[in-house]
Amino acid sequence: MRGLLPLFRGLHTVSNRQARRKAGIVGSRCGLCGTQSVNKPQPRFGLLFDIDGVLVRGRMLIPAAKLAVEKLVDSQGRFVVPVVFVTNAGNCLRQTKADQLSHILGVPITQDQVIMSHSPLRMFKKFHDKCVLVSGQGPVLEIAKNVGFKNVVSIDMVRESYPLLDMVDHNRRPKLPSTPVVSLPKVEAVVLFGEPIRWETNLQLIIDILLTHGNLNSPHQTHAVPHLPLLACNMDLMWMAEANSPRFGHGTFLVCLENIYKKITGKDLKYEALMGKPSELTYHFAEYLIRSQAMQRQWKLPITSLYAIGDNLMTDIYGANMYNRFLEERAAIKNPKAVAQVVAATGSSTAMPGGEEEFDSMWESELALPSATSCKSVLVCTGVYNPNAEVPSDASRCIKETVFHGHRDFRFDPALVEPNYIVQDVAEAVDLIFQQEKFVPH
């Protein structure tokens with residue numbers, strides 16, 4: 001995907017420096033600024049933190065998160081290891097999320113250290129000039145333009161132009177007969193950022209767009225295939241907020257959309273791409289940012305190990321383990337004698353999609369060639385995963401879920417939902433990782 005590398009190289013541009021100044025992060029207080037003293041240990045590992053259920057519950061800071069951060073920063077507020085915050089949230093800009101984290105954690109976080117579920121959309125250049133319908137909440141138009149889309153239509157814009165299409169809520173129906181205000185360009189693709197506020201409106205209008213191939217003046221064509229390209233971010237079925245039990249996530253909305261489409265047409269809804277955890281695209285991005293931080297700090301040793309800390313078996317653990325499988329396959333491919341064993345074990349010799357023109361030589365040479373050789377999964381018990389249960393003494397005894405809560409298009413593999421480690425909270429996770437890496441920061 002041409003133009004992908006400038007995205008990452010641009011993470012350290014003037015705009016980001018301005019964002020850091022806006023957040024009050026200057027000079028040596030920046031968590032990534034400065035060089036590493038030769039007297040201090042240089043890490044060979046990086047940390048990928050989920051946010052909801054690991055660091056916060058809704059707007060409330062999980063107490064262990066404060067302890068974890070204290071272990072991760074030095075006296076100048078700089079992180080002693082490369083850190084990336086990987087969230088499936090998609091309702092704000094990366095800089096906004098970085099500012100929120102800075103405020104709640106009490107340490108400077110820059111957008112270089114944040115990956116949202118929609119971040120990979122910058123890769124999909126072939127859609128950036130098309131008219132796209134976007135669904136979600138928050139500043140969806142601004143988010144869409146920030147990741148590269150130039151011609152964007154929101155659900156509200158469609159509803160205003162075609163008031164007769166949204167009929168579930170009787171109180172919102174037009175009081176008088178209304179003629180469609182045909183002022184919108186023809187929609188050419190649909191992008192789903194996250195769970196919207198009015199599900200019935202969004203479901204209805206997205207189905208309308210798909211079944212009319214973007215021409216809302218025409219009736220549904222239920223036998224027309226294929227439908228318009230559909231890109232979706234964030235597959236979380238549920239997520240953990242302040243309530244005692246998990247809440248619906250965007251994955252639940254996708255289940256509704258998929259089933260409505262199939263019920264009407266008899267065919268499966270097809271996605272051009274699925275982004276956010278557990279998609280490998282997200283972990284490729286995260287690994288690249290970990291390497292970039294190490295280079296910026298002038299740490300000479302390569303980052304060979306990643307640790308992904310999360311609370312959700314079906315996203316955090318599944319995704320980390322799937323990326324670890326990719327890293328193992330890549331290492332095996334370097335050894336021709338091992339290729340046959342890899343294919344026999346996994347059914348594939350590579351975890352990267354094949355035959356896609358977007359994965360050009362720049363992508364393959366930069367992002368698909370990580371320095372990491374492993375990605376270990378660490379499950380915490382402060383979020384979606386059994387928050388009140390006792391911590392099992394052996395991760396191998398973790399009870400596999402009999403109901404698959406992952407997305408429809410991801411095959412259930414029991415091995416991928418088994419964490420490498422189970423701990424009570426994120427502070428214990430950091431202690432465990434430091435112990436495993438024999439790393440003493442101070």
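Both backbone and side-chain heavy atoms feed into the values below; hydrogens, waters and symmetry mates do not.
In plain terms, the two heavy atoms of P278 and M322 that are nearest each other are O-CE, 3.0 Å. Smallest separation of non-hydrogen atoms from P43 and I303: O-CD1, 3.6 Å. Nearest heavy-atom pair across I143 and C92 is CD1-N, 3.5 Å. Residues S377 and N321 share a closest heavy-atom pair of OG-OD1, 2.9 Å. When all heavy atoms are compared, the tightest approach of V426 to V54 is CG1-O, 3.7 Å. Minimum heavy-atom separation, V134 to A144: CG1-CB, 4.1 Å.
Summarising the local packing, CZ of F248 is surrounded by 12 or fewer heavy atoms from other residues, nucleotides or ligands at distances under 6.0 Å. At most 12 non-hydrogen atoms from other residues, nucleotides or ligands lie less than 6.0 angstrom from CE of M295.
The residues R291 and E287 are annotated as salt-bridged, a charged nitrogen and a carboxylate oxygen being separated by less than 4.0 angstrom. With salt bridges taken as basic N to acidic carboxylate O contacts below 4.0 Å, none links D156 and R198. Checked for salt-bridge contact, R57 and D52 miss the test: no charged N lies under 4.0 Å from a carboxylate O. Ion pairing between E272 and K126 holds under the 4.0 Å rule for side-chain N and carboxylate O.
For R94 (side chain) and Q111 (main-chain N/O), a donor-acceptor pair under 3.5 Å exists by modelled atom type. With hydrogens and angles ignored, the 3.5 Å screen pairs no side-chain donor or acceptor of Q293 with any backbone N or O of I290. Under a 3.5 Å cut-off, the side chain of W199 and the backbone N or O of P196 do form a donor-acceptor pair. Side-chain atoms of Q204 do not come within 3.5 Å of backbone N or O of E200 as any donor-acceptor pair. Under a 3.5 Å cut-off, the side chain of S117 and the backbone N or O of G276 do not form any donor-acceptor pair. In this structure a side-chain-to-backbone donor-acceptor pair under 3.5 Å is missing from H213 to H220. In this structure a side-chain-to-backbone donor-acceptor pair under 3.5 Å is present from D316 to D311. Judged purely by atom type and a 3.5 angstrom limit, S135 has no side-chain atom pairing as donor or acceptor with the backbone of L192. Of the possible donor and acceptor atoms, none in the side chain of R44 sits under 3.5 Å from a partner among the backbone N and O of T304. At distances below 3.5 Å, at least one donor-acceptor pair connects side-chain atoms of T212 with backbone N or O atoms of D208.
Centroid-to-centroid, the aromatic rings of F439 and F45 come within less than 6.0 Å. Outside the 6.0 Å centre-distance limit, the rings of F193 and H250 are not counted as a close aromatic pair.
Interatomic distance, I433 CD1 to K71 NZ, rounded to the nearest 0.5 Å: 12.0 Å. We find the CD1-CE distance between I155 and M157 to be 11.0 Å, quoted to the nearest 0.5 Å. For the atom pair M60 CE and I104 CD1, the distance stands at 9.5 Å (nearest 0.5 Å). Rounding to the nearest 0.5 angstrom, the gap separating the NZ atom in K376 from the CG atom in L47 is 13.0 Å.
Between P82 and W299 the shortest side-chain heavy-atom distance falls below 4.5 Å. Contact check for C381 versus D425: no side-chain heavy atoms found under the 4.5 Å cut-off. Contact check for Q42 versus R297: no side-chain heavy atoms found under the 4.5 Å cut-off. Residues R159 and L205 form a side-chain contact, since some pair of their non-hydrogen atoms from C-beta on lies under 4.5 Å apart. P246 places none of its side-chain heavy atoms less than 4.5 Å from the side chain of W239. Using a 4.5 Å heavy-atom cutoff, the side chains of L55 and F85 are in contact. N234 has its side chain within reach of E195: a pair of non-hydrogen atoms, C-beta onward, lies under 4.5 Å apart.
Partner of K277 under the side chain to side chain donor-acceptor pair (under 3.5 Å) criterion, out of D236, D50, N312: D50 alone.
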task = Mind running ring pair (Phe, Tyr, Trp, His ring centres under 6.0 Å) on F326 and Y323 for me, showing each step along the way?
result = CA-CA 5 Å; F326 162 78; Y323 188 61; 5.7 Å; yes
